[in-house]
Amino acid sequence: MADIPEVLGSLERARGTGSLRVGEEGALHIRRGLVTGAESRHAPGAGGHDPELAALLALFDAAYFLLGSDAEPVFTEEPVDAASPGITVATLVHEQRRRRGLLDAAWPDGAVDVAPVEPVRRVRRQRVILTGLQAEILLNADGTRTPAELARDLGRTAFACLLAVRGLAAASLLRTEAPEPEAARTGTPRPGPAPRPELPAEWAPADQDLLTRLRTALVELG
Amino acid sequence: MGVRIDDCLARMMTIPGAQRVTLVDCASGLAVAAAGREDLVDQHEDAAGATDVVRAVLTAPALSATPAGDDVEEIIVCGTDGYHLLALTGADLDGHLFVHLLLDREKGNLALARLRMRGLVDEMTGPK
């Protein structure tokens with residue numbers, strides 16, 4: 001399995017200049033060992049008021065997906081335009097881990113990252129607090145677009161949408177479309193960081209007997 | 001970083017008492033630009049921590065002025081040794097950003113800093 005951070009590390013030590021293509025996922029652009037740009041097919045490209053700021057946000061957004069990819073990296077030496085100041089591999093790796101931690105803290109199941117999402121029909125809560133972006137996602141989720149596609153259409157970073165979507169999944173306000181045959185929709189492999197099978201897809205159903213006994217014990221204590 | 005943003009941060013550092021200023025992407029907690037006192041190792045940790053505060057305030061109905069929820073422009077933390085001013089940009093810049101200004105308690109003037117920050121943040125987010 002390819003380890004993208006490792007390959008980037010050796011390019012950094014060699015102070016290489018060129019592009020590191022990561023399978024069909026995208027590419028990282030490197031100048032004198034530092035990463036100056038990145039694009040991923042899961043992240044919308046740069047766009048917005050300030051070109052440098054947009055490029056930097058897009059770089060970290062794309063790097064989140066590329067650093068977690070299993071695809072085979074291929075390096076080509078070529079001149080590279082610097083869209084952003086060079087970022088060290090250590091910074092990229094640190095940021096990728098931190099972002100994955102944030103996502104998992106919001107909701108530990110990555111399945112919602114890559115599947116088309118739709119709002120639930122019934123809200124089983126008395127009140128709901130949403131961020132602006134979460135509201136935008138609920139209003140636009142139509143069961144055909146993945147969070148990455150919503151990010152592109154809403155003009156947000158993919159990571160912002162992933163985080164919002166995980167929060168919505170945790171609040172049971174959003175769900176993935178009914179499971180479909182793998183790769184049937186796009187004919188391509190599952191995108192995004194590999195799903196983590198060791199984590200439960202849903203909370204296990206509550207054990208009614210246990211809850212009853214717990215309640216009895218608590219009542220006795222009180 | 002672009003001249004425009006670096007220039008804005010440099011001007012924020014001229015606010016009396018300013019010790020450090022960081023521009024943070026609210027969606028990810030990434031520090032995208034900084035000026036002033038160099039604690040580079042902690043810069044990203046600080047940005048992530050400040051982002052948690054911003055998120056907590058934005059999602060707390062208790063800290064809204066109206067039932068519908070008003071926009072938050074600034075969050076101010078007054079410590080015994082310094083002020084933290086978190087100034088949020090509007091929704092129309094590239095993603096949502098905020099500026100974290102650390103102000104010396106003795107040399108700084110909170111009212112003045114707020115006024116200057118608001119002007120500079122508007123300038124930064126305004127049309128080119």
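Per chain, numbering begins at 1; letters A, B, ... match sequence-line order.
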Heavy-atom proximity to chain A below 4.5 Å, by part of B:A48: both
Interface moiety of B:L58 toward chain A, non-hydrogen atoms closer than 4.5 Å: neither
Contact check, side chains of B:L97 and A:L53, non-hydrogen atoms, under 4.5 Å: yes
Charged N-O contact under 4.0 Å between A:R152 and A:E149: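 Looking at A:R152 and A:E149, the cut-off is not met.
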Segment of A:R127 engaging chain B (4.5 angstrom heavy-atom cut-off): neither
Over-ring placement of A:R99 relative to A:F159, 6.0 Å and 45° cut-offs: yes
Interatomic distance, A:Y64 atom OH to A:L59 atom CG [nearest 0.5 angstrom]: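 Between A:Y64 OH and A:L59 CG, I get 16.0 Å after rounding to 0.5 Å.
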